[in-house]
K.L.:
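Take this structure first; my questions come after.
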Amino acid sequence: MAFHHLALATNDMDATHRFYTECMGFELVKTVVAPTPSGKGWAKHIFYDTGGNAMFAVWDLHDPRVSEFDPAISTGLDLAVWGNHESFDAPDL
């Protein structure tokens, strides 16, 4: 079974978008905006092409039922900083 995408939530979409386009060189290929399941807010799902027929996606959540959160994958859950992470194959710096 092929891998389609990995998605993470952010609380700073502007900085997240700049990082993945300017630093990582990913191309924005799709944006989907829709109401959240609660019907009380909205969410934006942004997809970046990472090469190799896979994508990386980011959630920009705007719903009063979603409380403030720490977007750090591991430390936000009180895990070791190296526990959960994303990793991309980069042929050079």
Side-chain angles (χ1 to χ4, degrees):
M1 181 175 297
F3 177 82
H4 185 266
H5 75 274
L6 164 72
L8 302 173
T10 183
N11 56 16
D12 188 343
M13 183 54 81
D14 291 336
T16 300
H17 177 72
R18 281 193 314 274
F19 175 77
Y20 286 108
T21 57
E22 296 174 16
C23 296
M24 295 297 290
F26 294 168
E27 178 185 355
L28 175 66
V29 293
K30 184 177 182 178
T31 300
V32 178
V33 179
T36 55
S38 74
K40 298 178 189 272
W42 61 276
K44 186 186 303 182
H45 204 190
I46 298 174
F47 294 84
Y48 299 94
D49 182 354
T50 63
N53 295 320
M55 290 186 279
F56 176 73
V58 180
W59 281 108
D60 184 16
L61 304 170
H62 299 271
D63 187 316
R65 296 183 66 187
V66 176
S67 61
E68 289 294 316
F69 64 95
D70 181 349
I73 298 171
S74 292
T75 57
L77 298 170
D78 290 328
L79 299 172
V81 68
W82 46 263
N84 293 298
H85 60 279
E86 59 189 68
S87 179
F88 299 99
D89 182 27
D92 57 45
L93 185 58

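Because the structure is predicted, anything quoted here is derived from the model rather than measured. Computed from heavy atoms alone, side chains included, the values below leave out hydrogens, waters and symmetry copies. Throughout, residue positions are numbered sequentially from 1 according to the sequence presented.
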K.L.:
Got a sec, which residues hit side-chain hydrogen bond (donor to acceptor under 3.5 Å, both in side chains) with N11, two or more places apart in sequence or on another chain?
P.N.:
none

K.L.:
Under the side chain to side chain contact (heavy atoms under 4.5 Å, CB included) test, which residues partner A15, sequence neighbours left out?
P.N.:
D12, R18

K.L.:
Only counting residues at least two apart or in another chain, list the ones meeting side-chain hydrogen bond (donor to acceptor under 3.5 Å, both in side chains) with S67.
P.N.:
none

K.L.:
Any chain of hydrophobic side-chain contacts (each under 4.5 Å) joining L61 to V32?
P.N.:
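In one cluster: no.
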
K.L.:
When Ile, Leu, Val, Met, Phe, Trp and Tyr are grouped by side-chain heavy atoms lying under 4.5 Å apart, directly or through other members, which residues fall in the same group as W42?
P.N.:
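Its cluster partners, ordered by chain and number, are V33.
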
K.L.:
Name all residues meeting the ring pair (Phe, Tyr, Trp, His ring centres under 6.0 Å) criterion together with F88; count only those two or more places apart in sequence or in a different chain, and write none if there are none.
P.N.:
F26, F56

K.L.:
Tell me every residue that passes side-chain hydrogen bond (donor to acceptor under 3.5 Å, both in side chains) with H4, counting only those two or more places apart in sequence or in another chain.
P.N.:
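H4 satisfies side-chain hydrogen bond (donor to acceptor under 3.5 Å, both in side chains) with no residue once adjacent residues are dropped.
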
K.L.:
Taking a hydrophobic cluster as the set of Ile, Leu, Val, Met, Phe, Trp and Tyr residues connected by side-chain heavy atoms closer than 4.5 Å, whether directly or through intermediates, do M13 and M24 fall within one such cluster?
P.N.:
yes

K.L.:
Which atom pairs, one a donor and one an acceptor, fall under 3.5 Å between side chains of residues 44-54 and the rest of the protein, sequence neighbours left out?
P.N.:
unit_1	atom_1	unit_2	atom_2	d
Y48	OH	H17	ND1	2.7
D49	OD1	G51	N	2.7
T50	OG1	A54	O	3.0

K.L.:
Is W82 isolated, or which residues cluster with it under the ILVMFWY side-chain rule of less than 4.5 Å, directly or via members?
P.N.:
V81

K.L.:
According to side chain to side chain contact (heavy atoms under 4.5 Å, CB included), who are the partners of S38, at least two apart in sequence or on a separate chain?
P.N.:
T36, K40, D63, R65

K.L.:
Mind checking what makes side-chain hydrogen bond (donor to acceptor under 3.5 Å, both in side chains) contact with E86, not counting sequence neighbours?
P.N.:
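E86 satisfies side-chain hydrogen bond (donor to acceptor under 3.5 Å, both in side chains) with Y20 once adjacent residues are dropped.
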
K.L.:
If every non-hydrogen atom of A80 is compared with every non-hydrogen atom of S74, which pair is closest and at what distance?
P.N.:
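In this case the closest contact between A80 and S74 is O-CB, 3.0 Å.
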
